[in-house]
Structures are given as structure tokens and as C-alpha cells.
Amino acid sequence: MSARFARLARDQNTILAAVIIAGVIVLTISSSGGFLSPISIETFFQFLAIPIVIGLAQMAALAVNQMNLAVGAIGGFAACSAGVLIADFGVPPWLGGLIAILIGLAAGVLNGLIVVLTQINGFIVTLATMTILSGAQYAIVGTRTITSASWPEIAAIGTARPLGIPLIFWIAVGIAILLSVAYRQTLLARNMLASGGNPLAATLSGISNSRSLVTAHGLSGLLCGVAAFLVLASLPGVNKSIGEDWLLSSFAAPIIGGVSLTGGTVAVLGTVLAATIVRLVDSARAQFQLEPSWVNFVIGAVVLGTVALDRVRTRRPATRQRSRRTPPDAPPTAASRAIDPGAPA
Amino acid sequence: MTDTAYALEVRGITKTFPGVRALDEVNLRLKPGEVHALLGENGAGKSTLIKIITGIQPQDSGELIVNGEAQTFRSAHEATRAGIGVVHQERNVITDFTVAENIVLGNTPVKGGRVQWREVREGAKRVLDLLDFPIDPATPTSLLSPAQTQLVEIARGLYTDSAVLLLDEPTASISETESKLLFDVVHRLAAQGRAILFVSHKLEEVFAHCDTVTVFRDGRSVAESEPLANYSKDTIVDLLVGRTLAKLEVPVRSPSEAGTPALELRDVSTAGGHRDVSFAVHPGQILGIYGLVGAGRSELAKAILGLDRITSGEVRVNGAPAQIRSVGDALGRYGIGYVTEDRKAEGLFLDQTVARNLTVTVLKRLSNAFGFVRERAARATADEYIASLDVKVSNRDQLVGQLSGGNQQKVSLGKWLAANTDTLIIDEPTVGIDVRTKGAFYQLIWALAEQGKAVLVISSDLAEMVTLVDRIVVMQDFEVTGSVTNTHDYDEMSKSVIRLIHEERIDVVEG
């Protein structure tokens, strides 16, 4: 990648990191240092893991110029299905956890197949599957909450704290690193980005846009399944409301993180940093004892602001590439002169 | 029995689309080592044949034989694997990717599913060096001009090292210098025994560089793989249009350069990098702006229209200083229209009707006091320009996206004619359109000048400049290096222009 673009990307991430540092300072001062207490740090990272993973799930869809409105529904349905299977049908917990992940993958692949086979806009397709899956989630758990006491092995992951930081956060970071490498290194991912950036150019180069769409939706679903697994590991139980509030934050992380809304790009680090910022807003809400609805207000406003800022930035004219076709014996600084427009040659 | 003497053989290929027989049993034989021209007017079926040969769509019937093997490609990838490389006419790059990744796109070197970035860079560098295209393979494609993008497209066609190379109007938007480099490469490849199929509307190029020719007209091959030496430019044109075409009459024009210019730039420098650019175009005059790739021609037009910041100097319209902030501003307050270079991306609403496209610049004039468009007046305006521009449509409600390239270009020009501005800036007026339409376009532009309009034509096609304009302003490296009055003598003009590009500045410093 060119130095120029690497610099731009760094800039975006530098800004995000600066915002995080500023946020941490404000919260530390206003809590008289309480924000940096081990227990507070633990809580912070505990509730950061899932937003990172669902942000990455949305990023995978955005990269091919699609959206996945069903992130929360897939995650909620997968988590509740696993909960019911383990608690009511005696399925071994590990198998249940695996099933949650596979349900996510299957739902994502299904989304992709529907988009490809019907040629219907992914927005509508995932809106429909979102509605169907939330309905299914309610149908299987009803109004009860299945507690994590049924899957103590998985819940142990949720309470593990290597280096004082929750294991589930390390898992989320590991997934981010894997994705970052995959998007840079694998042909499959490069083809997804090609299809997202310019489907016509991809077709003319022999890249299958259909395969890219199915793969991207599949990856998005798989990550929702992983998020469902993290739900099983970290929350006290599952019920019908799991996943309800994932949609906005799933978009907030990649958009604030610098992922283009028109497809063709990913920003893994940016998404992780932006998810951290969203998490800080949530902490601030608790710190200043604000209404929970304020969080949505702030995040919504930040998303709008980021998109608006991005528009302004991309409108700035790109610095031109200087032509190097000047004859080699031409003086380096040619005297520029205005010509008389009417003068004969 | 198949004859392996041919690298590519097309035997009686037919392709039908709903309502149209695009190809009717066409034949073409391409030998290794030859440069073969495929000619035809817009809509004659060239693009359809190219799509079949490159695997983008299959033929209905007939045989496609590549290196002695009958093939029916189901994807572009299969065609590439069979040894067919292609440079498509449209500039289709992934702007999010670098130049290098675009060049290898579809053939990205991988090992175990992992992209080998070193090979990507080296492979791209090799092709760029071949083309003498001095650009860093790591440059993001989004920073390239349309012409540079076209060069990336060409590089991509060369990357796969194919036995058969299809070039679909590769020189449509690049300058003579780049074209020359391209043809050097083409001849080198042919000498290595590769077969080249070259599609172009520029007959000068065809006669200068091709050995054999196939001509399509209305989906049939009217000349099949004949030596080009058997033809003259005139006989080819006859074959193309199917009748003897009246030779283009270049009118004797002597526009006045006295009085107040309609549009004048005085020492204009821009944020994009132009330095002290000055020129003026008078009412009734056609002024050409010529320059090589990267000279800053189109960028200058955009700066005039307020799309790039002017840092010093001034733009004057009809003698008064002007502050143009947008295209709408240029149109509404200063009477300047702008026909864009990239008509698909910037000039047209492809999924709207011809009528809507033609009237989009004048909707204000066509609306009543409540802001409702007066549909009858809009329809009348649309019909007027469809007729005067001879746009080939079934009716005014046909979608622009369904029209051929030449007709799209007519609509893109037509909407600015409808706006009836005093000054018209036309960027690359005839890129990718055929001989007959080109002539019609020139006549239209001359007629506009006769009506007293000032026309600024930006073009990288020197032959076009020499035919069309009254005065040629030469740009190099974001500066104006001089201007010459057009004598309509190609050899003389090309010498003057090349001198202005390369030597003038040295002279200035020495003097």
C-alpha cells in the first residue's frame, strides 16, 4: 500500500486513539481515579468484546457494498437456540456453543444466497431475515431467561481474566487480528473487496461477484455467531432481548472507524478503536448517571458527524501526480510565463 | 478438422438479444504475429464479439476456436486461461486498490490462498516499464486521471502474457505520445508471434499500425480478414457506413479575436497545481486546449467551474471578474456550460429517460410558478434536441443507458445545447464515437460558433484539434506553454505543438 494512503489510514486511527485517550482522561478525573480501578477496567473490557465482533460483522457486509441489518437477530437467535438446546435438550455445552457459531454462519450464507439468487437489495433481504429471526428467537425462548448455570464450562471463559483483562476481550482482539491479516493476504478477501469496489471491473476480470457476496454475508453471519458464543460466555443468561440493541453499534464501529459506505474497503483497527469509543460513551453515561437514551442520541449524532466529515474530506481535491514526462534536459524549475492569448504563434 | 495456423478463429458466430440480431454469422481469422483491425460503427457488433471472445457472454451459435481448440467460455477467467488478454474500452478499475493490484486483478499471484504482494508489485512494475509509464505501482488508483487510468487498463491487458490480445479502443482517451508507446509495445508483441485484435475508430491509427482488417456493419462481417493494403481510408469508410459518405467539409473560419472575450483566464493558479494559466476565448471562436496525459487539461476546466480552488489570478466572464462557485453557478449566473469527459460517470443519468436527461439543465425554465415541471414544454424541448442532434432512439422515453456510446454522447451534449449558454466547455467531445457521428459533432460545434457562442474544446486527439478548432493552446505540466493559430495542416500543427510541449520552455530559459 502506498505511503500516502498508509499515512491517511494512520491519521484516522491516530484521531480515534486521541479521542479514546481524551475520553479515558475525562472519565478518570470525573471519577476521581475510580475509572482506572481494576474492577472498572475489567468491566470496561468485558462489555467491549461483543461490540467489536458485531462491528466487524457489519464491516464484512459493508466491504462488499451490502448491509447486514440482521446482525442482532442472527446473534440473538443463535444464542437462544444454543441456550434452549443445552438447557432443555441436554446438548453438551461445548457442542451448543459450536452450534451457535454454525447457526450464525448458516444464516449469513442464507442471506448471501438470497441476495444473489433474487437480485434483491441486501438491505431488504436482511431486513426480512432480521424480522423472521427475531420472531423465531421469541418463539423458542418466549418470555423466560435461561441462565448460564446450564453451561458452566462456557461461562468459565467469561470469567477468565488473563493479565487482568477478560479473556473474551482477548478473543475479540484475536479475531480482529485474524481478519486484518485475512483482508490483506487472502485472495478470497481481495476478491470481496474488488467486487465491493467495482463489481463491473471485477466481472471483467473474471471475479465472481456472486461468490464475493455469499462469502461476505457468510463471514458477517459467522461473526454474529461468534458474538452469540461470547454472549453465552459472558452474560448471566439468554432471553428474547439478546441482540435487540446491536444494530446501531454494529454500524457505528465500522463507520466511525473509516469503512467506506460504498464498498471496497475495510478498516479493522479503526473498527476496534471506534467500538472502544462507543464503549466509552456508555461508561460516561453510567459515570454521569445520564438516561440510557442519551447513549443512543450521542452515538447516532457521532455516526452522522463522521459520515458528514468523511464527505467533506473526500471532496478536498487530491494532490495531483506530477508528470515525469518533462524532457530530461529541461531545467528543473522552468520559468513559467503567461502568454498573450491573442498573440500569433 | 481445425486449422492451427490461426491463433483465433471466429466461425459463423451469431448472437441475438431480445429484438436485435447483434451478430449474424460473422467470421474472423487472426494469425499469430499479425495486428488485425476490427472496424465498425457504433452498434455494428464489435463489442458483442469482444464480449464473446473474452467470456463475458456466450454465443448462440457458431464456433470460437482458440489455438486450434473450439471454446465456449463461461467466464472471463476461462478466456484468460485459454490465453486471451483484453484491454477493455471502459475504464473499469477498483479505485480502492493500488495500480499494482488493479493490473493483476483476476490473475493475482497466490500461494496457498495468500496473495504474494512482492510478485504483484514486481509483475505490475514489469508491465509499467514495458509501457514506459512512469508511475509507482503502489499509487492508489483513485488519484489517477482518466487517461492514466486508461493506461492502467492497458497494462492489465498486457500482464497476462496472452497469445491473443484484444485492444478495444485503447487509445480513446490517451494522448499521441502514450499511443505511440502503446503501438511500440503492440508491434513488439506481434513480432514475438502474438496475435493482436485492435478495435478503433481512429482510421489514421489503423492504417499506420494494422496488417489486416475485418469490417462489421449491422452485425455482419462485410470484409473478412483481408489485407489492409487492399483498402484506402475512403473505401473503408464506404464499407463502414454502407454508402459513400460525403467528405467532411471543414468550413473556412476566421473568428475575430478582437473585443471582449467571453471567458478569460488571467494568471490563474489553482490548489490542484496549475501555475499562471492565461488564455481567452472570444464569442464565435473555438479554442482548443491540448496537452499530454497529466498536463492538467480537464483539471483546469474543473477549476474554472469552481470544483477546485483558484489560489491566485482571475477568471473574467464577458470582461467582468467572475466568482464561479459551482456548475450551477456557472450555468445560472455566467452562462457557461460544461460537457464532461467521462459521460457515464459524470454526464448522464443512465437509468433515466432521454427526455429527462435532455431537460435536466433547463428544468427551472420549464417549471411553472409552483415548481411543477411543465411536462408538455419539457417533451417539446426533448423532441427538439433529439431531432436536431439526430439521436437514434425509439422514443424520448427510452432509457439513456440503453443507447450506444455515440448516442449517449449526443444526449450529454444535447442537455447543454438546451441550456443555450454563451460559453460551452467540451471535454473530449468524440472519445469512443464513430466516424459518421464524429463528423456530425464537428458540424454541430462549428454551427454553435457561427451562432456567436464561445467554445472551449479540451482534447488529447491532435487530429481532432487540427480539424475542429481555431486556435490551439498547449498545456504541459499544469502550465500553458504557448498557443498557435490552427492552419488545419496536420503535419505543420503537430510540429508546432510538439515543439511547444518539449522545447519551448528551454528556449525561454535560454532567452
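For the numbers below, each heavy atom of this structure counts, side chains included, while hydrogens, waters and symmetry mates do not. So that the names make sense, note that chain A is the first sequence line, chain B the second, and so on, each numbered from 1. The shown structure was predicted, so the numbers you read here are calculated from the model rather than taken from an experiment.
Ranked by non-hydrogen atom pairs under 4.5 Å with chain A, the options B/Q116, B/H88, B/R266 are led by B/H88. Among the candidates A/T262, A/T186, A/L204, the residue making the largest number of heavy-atom pairs closer than 4.5 Å to chain B is A/L204. Ranked by non-hydrogen atom pairs under 4.5 Å with chain A, the options B/T270, B/T108, B/N92, B/I56 are led by B/N92. Listed options B/V93, B/T54, B/T80 were ranked by heavy-atom pairs under 4.5 angstrom with chain A; first place goes to B/V93.
From A/I207, atom CD1 reaches atom CD1 of B/I94 across 6.5 Å, with rounding to the nearest 0.5 Å.
Of the atoms belonging to A/T203, it is backbone heavy atoms, and not side-chain ones, that fall under 4.5 Å from chain B. For A/L187, the parts lying near chain B are the backbone and the side chain together; criterion is any non-hydrogen pair under 4.5 Å. In this structure, chain A has a heavy atom under 4.5 Å from the side chain of B/R156, while its backbone stays farther away.
Of all non-hydrogen atoms in B/W117 and A/R184, the two that sit nearest each other are NE1-O, 2.9 Å. The nearest pair of heavy atoms linking B/L105 to A/A194 is CD1-CB, 3.9 Å.
A 6.0 Å sphere centred on CZ of B/R114 holds no more than 12 heavy atoms belonging to other residues, nucleotides or ligands.
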